[in-house]
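Dumping the structure here so I can ask a few things about it.
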Amino acid sequence: KLGGGYGGVEQPLSPREYFYGITPREAALWAFAQPDEGMQRKHAMKGARAYIQAAVSAQRAVANHFGMRPDMLAPDYIHLTCRKPTGESTEQLLYSVHEGYLQSGDDVLVEATTLQKAKTRCSALGSSCAGFTLNTDPKHPDIAVTVYFKRRWAFFSHNVSGGSGWTSYKHRFELLDNATVDSHHVHADNCCRHGQRCLPEPTC
């Protein structure tokens with residue numbers, strides 16, 4: 001289930017991935033709840049049993065490694081985890097949208113460009129670009145307009161300032177290290193991961 005094993009938190013380790021998890025106990029309960037028609041419950045129980053056996057083996061291996069008794073470790077803290085990309089682009093992750101404008105001054109750069117190119121430009125400026133503001137027609141986002149790139153985020157919302165038509169994009173550059181997706185489709189039983197690369201033998 002989504003957020004299983006992470007206290008219900010859907011994205012506990014990466015803002016670009018959803019984490020799904022299930023404990024051995026939850027797997028057994030799920031399998032038992034499956035309908036008995038067409039061998040569905042039997043197949044589910046077989047999969048749950050294999051998972052529980054693997055969990056017990058992991059429990060014993062960890063206990064042996066640390067010189068502990070297996071019963072000192074609670075096997076239900078084990079959870080099987082799957083990850084799925086959220087589908088967000090890097091720009092969607094790194095920029096939050098705010099209806100309003102940024103205070104005049106503190107300009108890093110002022111140029112006429114499109115929204116998409118403005119995001120690319122701000123990303124290239126790194127931490128020196130806190131965000132940018134522009135007044136554009138949402139029906140024509142591909143038309144170049146004057147964009148003000150700011151070194152400081154001093155935001156004024158429409159509700160307070162009445163700056164209708166202005167939109168500001170906050171650069172969340174602190175998330176840049178987590179902007180890449182680490183999950184991928186399984187393609188082999190011995191597919192191990194380290195960063196963005198699959199490791200060769202030995203198996204996981």
Looking only at side chains, do Y169 and T133 share a donor and an acceptor under 3.5 Å apart?
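T133 and Y169 do not have a side-chain donor-acceptor pair below 3.5 Å.
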Looking only at non-hydrogen atoms, find the nearest pair between A28 and I52 and report the distance.
CB-CD1, 4.0 Å
Membership question, hydrophobic clusters at under 4.5 Å side-chain separation (ILVMFWY): are F156 and L102 in the same one?
no
Joint hydrophobic cluster, Y95 plus F149, side-chain heavy atoms closer than 4.5 Å:
yes
Under a 4.5 Å side-chain heavy-atom rule over Ile, Leu, Val, Met, Phe, Trp and Tyr, are M39 and F32 clustered together?
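In one cluster: no.
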Would you sort out whether T81 and Y20 count as a side-chain contact (heavy atoms from CB on, under 4.5 Å), showing the intermediate values?
CA-CA 6 Å; T81 302; Y20 297 78; over 6 Å; no
Could you walk me through whether V110 and V147 pass the side-chain contact (heavy atoms from CB on, under 4.5 Å) check?
CA-CA 6 Å; V110 179; V147 180; over 6 Å; no
Has K117 got a side-chain atom pairing as donor or acceptor with A112's backbone, closer than 3.5 angstrom?
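No; zero donor-acceptor contacts below 3.5 Å.
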With ring centroids as reference points, do H98 and W166 lie under 6.0 angstrom apart?
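Ring centroids of H98 and W166 are no less than 6.0 Å from each other.
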Is it the case that over 12 heavy atoms from other parts of the model lie below 6.0 angstrom from the CZ atom of R121?
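Open: at most 12 neighbouring heavy atoms sit under 6.0 Å from CZ of R121.
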Euclidean distance, K42 NZ relative to D36 CG, rounded to 0.5 Å:
10.5 Å
Shortest non-hydrogen separation from A27 to A48 and the atoms involved
O-CB, 3.7 Å
Inter-residue atom distance K119.NZ - H171.NE2, 0.5 Å rounding:
11.0 Å
For residues L80 and V56: do they belong to one hydrophobic cluster (side chain heavy atoms under 4.5 Å, members Ile, Leu, Val, Met, Phe, Trp, Tyr)?
no
Could you walk me through whether M45 and Q34 pass the side-chain contact (heavy atoms from CB on, under 4.5 Å) test, one step at a time?
CA-CA 9 Å; M45 293 293 287; Q34 298 308 300; over 6 Å; no
Rounded to the nearest 0.5 Å, the CD atom of E111 sits from the CG atom of L109 at a distance of 4.5 Å
Aromatic ring pairing W153/F155, orientation class (parallel under 30°, perpendicular over 60°, tilted between)
parallel
Out of curiosity, N135 CG to S168 OG, how far, rounded to the nearest 0.5 Å?
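The distance works out to 10.0 Å.
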Enumerate the side chain to side chain donor-acceptor pair (under 3.5 Å) contacts for residues 48-72, please, sequence neighbours excluded, ordered by first and then second residue.
R69-D71
First locate atom CG of L115, then atom CD1 of I143, and finally report the distance between them rounded to the nearest 0.5 Å.
12.5 Å
Hydrophobic cluster identity match, W30 and I78, side-chain contacts under 4.5 Å:
no
L134: which of T113, T146, V145 passes side-chain contact (heavy atoms from CB on, under 4.5 Å):
V145
Between CZ of R172 and CG of L94, what distance do you get to the nearest 0.5 Å?
7.5 Å
Under the criterion side-chain contact (heavy atoms from CB on, under 4.5 Å), I'd like the reasoning laid out for S123 against T120: C-alpha separation, chi angles, the key distance, then a yes or no.
CA-CA 5 Å; S123 294; T120 302; 5.8 Å; no
Quick one: closest heavy-atom pair of L125 and S128, and the distance?
O-OG, 2.6 Å
